[in-house]
Amino acid sequence: MRNTDHIVLERGGREELFPDMPADWPYVAERAELDRYPGRSCTWHWHREVELFYVVSGALEYRTRAISERTVFPAGSAGFVNSGYMHMTTALEPGTVQLLHIFRPELLADPGGRIGSRAIDPLVGERRVDVLAWYPDRPEDAAFLELIARSFSKPYDAGAEDAPFQMEELRLRSVLSELWCQVLERARPLFGCPSVTRLTPRDVRLEQMVGFVHEHFAEPVGVADIAGAAATSERDCYRTFKSCMGTSPHRYLRDYRIEQSCRLLAFTTRPLAAIARSCGFSTASRFGAAFRAAMGCTPSAYRARWRELDS
């Protein structure tokens, strides 16, 4: 299981990438300590993989594409995020830790086969199912929570090419399949449900503005530019970001730039001045000040710490 303190997004887009995911075994296990993320948050993103997670400590908020929809996960709870859904996570308490199974659905069944067509595709293709939750104060959720908590108790390194094959892949797939059965049961009542919240005009405007930030963060953009991407006013831009995301457009832009700089610090050897420019900071000193404010350390210290964790 790898420790993470930022997510890796496709350059100029919002798809999360998993560089360590083996092509012949599309699965990664992660331990996310949200205190180490910029703003204790993961910006808007999506991924082809599905996500099953367990909250070890603290509390975590998930927001989905329907921005008004927010789901809070306290310690001891678990959740499912469907493939292809835009979402954002924010720690609501210090010390929030999350364990995640992230995998492509074909891990459980061959595409086009009977299991895939009957048990995998209907859930992945159901656009009314974005985030599902299981809570420790619900007796009916106890079996699922016990199983998912236990599924993280045994270390599993899918990327260790020299490790002997000891049936670990089969055991893991068996556990994930059982979890999937329970996810499918929870989701089935939502299939075709007309009462599920749909996107509002404000949701659409926010998505357009967030998309603009993600595409143009390296440029000298301001609030007027962000608002213009949704053909709205600066006042509405501020109001939309505050009510829907709990932050200002300025702060969101800064945090996104910091998040992208984390990726470059961790996975490249580019000089700090070059990283500052490519992430929208006019000078290295401004980059350093913003980075320290968000991450509690200098860019150089962050790079050194990541190298130590990755060694």
* To do: Can you see which heavy atom on Ala293 is nearest to which on Arg254, and at what distance?
  => CB-NH1, 4.0 Å
* **Tyr135 backbone acceptor or donor facing Asp141 side chain under 3.5 Å** => yes
* **N/O donor-acceptor pair under 3.5 Å between Ser177 side chain and Arg173 backbone** => yes
* Just wondering, are more than 12 heavy atoms of other shown residues or ligands nearer than 6.0 Å to CG in Asp137? -> yes
* Test item: Ser261 and Phe287 side chains (from C-beta on) under 4.5 Å apart, heavy atoms -> yes
* Asked: If you measure from the Lys or Arg side-chain nitrogens to the Asp or Glu carboxylate oxygens, is any gap between Glu61 and Arg63 under 4.0 Å?
  -> yes
* To do: Check Ile148 against Phe152 and note the closest heavy-atom contact, atom names and distance.
  => O-CD1, 3.1 Å
* Structure fact -> Closest non-hydrogen contact found for Ser83 with Val124 is CB-CG1, 3.9 Å
* N-O pairing of Arg150 and Glu146 below 4.0 Å -> yes
* Just by distance, with hydrogens left out, do His101 and Ser151 show a side-chain donor and acceptor under 3.5 Å apart? -> yes
* Asked: Any donor and acceptor pair, going by atom type alone, linking the side chain of Arg205 with main-chain N or O of Ala227 inside 3.5 Å?
  -> no
* To do: Measure from the side-chain N and O atoms of Trp25 to the backbone N and O of Leu107, and report whether any donor-acceptor pair falls under 3.5 Å.
  => no
* **Neighbour count >12 (heavy atoms, 6.0 Å) for atom CZ, Arg186** => yes
* Asked: When you look at CZ of Arg138, are more than 12 heavy atoms from neighbouring residues, nucleotides or ligands closer to it than 6.0 Å?
  -> yes
* To do: Please report the shortest heavy-atom distance between Glu93 and Asp35, naming the atom on each side.
  => O-OD1, 4.4 Å
* To do: Assess the side chains of Thr298 and Ser300: does a donor N or O sit below 3.5 Å from an acceptor N or O?
  => no
* Asked: Would you say the side-chain atoms of Asp236 pair up with the backbone N or O of Ser233, donor to acceptor, closer than 3.5 Å?
  -> no
* Heavy-atom side-chain proximity of Leu265 to Leu272 below 4.5 angstrom -> yes
* Before giving the answer on ring pair (Phe, Tyr, Trp, His ring centres under 6.0 Å), spell out for Phe291 and Phe281 the whole-Å C-alpha distance, their side-chain angles and the decisive distance to 0.1 Å. => CA-CA 11 Å; Phe291 195 93; Phe281 295 97; 8.9 Å; no
* Residues, nucleotides or ligands: over 12 heavy atoms within 6.0 Å of Arg239 CZ -> yes
* If you take all heavy atoms of Glu178 and Leu147, which pair is closest and at what distance? -> CG-CD2, 3.4 Å
* Thr89 versus Ser41: any side-chain heavy-atom pair under 4.5 Å? -> no
* Asked: Is any side-chain heavy atom of Leu60 closer than 4.5 Å to a side-chain heavy atom of Thr90?
  -> no
* Asked: Should we say atom CG of Leu92 is surrounded by more than 12 heavy atoms from elsewhere, each under 6.0 Å from it?
  -> yes
* Asked: Any Lys/Arg nitrogen of Glu33 or Arg31 sitting under 4.0 Å from an Asp/Glu carboxylate oxygen of the other?
  -> yes
* Structure fact -> Of all heavy-atom pairs linking Ala75 and Ser57, the shortest is CB-CA, 3.9 Å
* To do: Kindly indicate, with the supporting measurements, whether the criterion side chain to side chain contact (heavy atoms under 4.5 Å, CB included) is fulfilled by Gln182 and Phe80.
  => CA-CA 11 Å; Gln182 297 190 42; Phe80 167 81; over 6 Å; no
* **Linked, directly or transitively: Tyr252 and Val221 (ILVMFWY side chains, under 4.5 Å)** => yes
* Taking Thr240 for its side chain and Cys237 for its backbone only, find out whether a donor-acceptor pair lies under 3.5 Å. => no
* Asked: Under 3.5 Å, is there a donor-acceptor pair linking the side chains of Tyr62 and Glu51?
  -> yes
* **Whether Arg270 side chain and Ile275 backbone form a donor-acceptor pair below 3.5 Å** => no
* To do: Find out if a path of hydrophobic residues (ILVMFWY) with successive side-chain heavy-atom gaps under 4.5 Å connects Phe267 to Tyr302.
  => yes
* Asked: Taking a hydrophobic cluster as the set of Ile, Leu, Val, Met, Phe, Trp and Tyr residues connected by side-chain heavy atoms closer than 4.5 Å, whether directly or through intermediates, do Leu190 and Val183 fall within one such cluster?
  -> yes
* To do: Treating Ile, Leu, Val, Met, Phe, Trp and Tyr as nodes and any side-chain heavy-atom pair under 4.5 angstrom as an edge, say whether Val175 and Leu132 lie in one connected cluster.
  => yes
* Are Leu100 and Met21 grouped together when hydrophobic residues (ILVMFWY) are joined by side-chain heavy atoms under 4.5 angstrom apart? -> yes
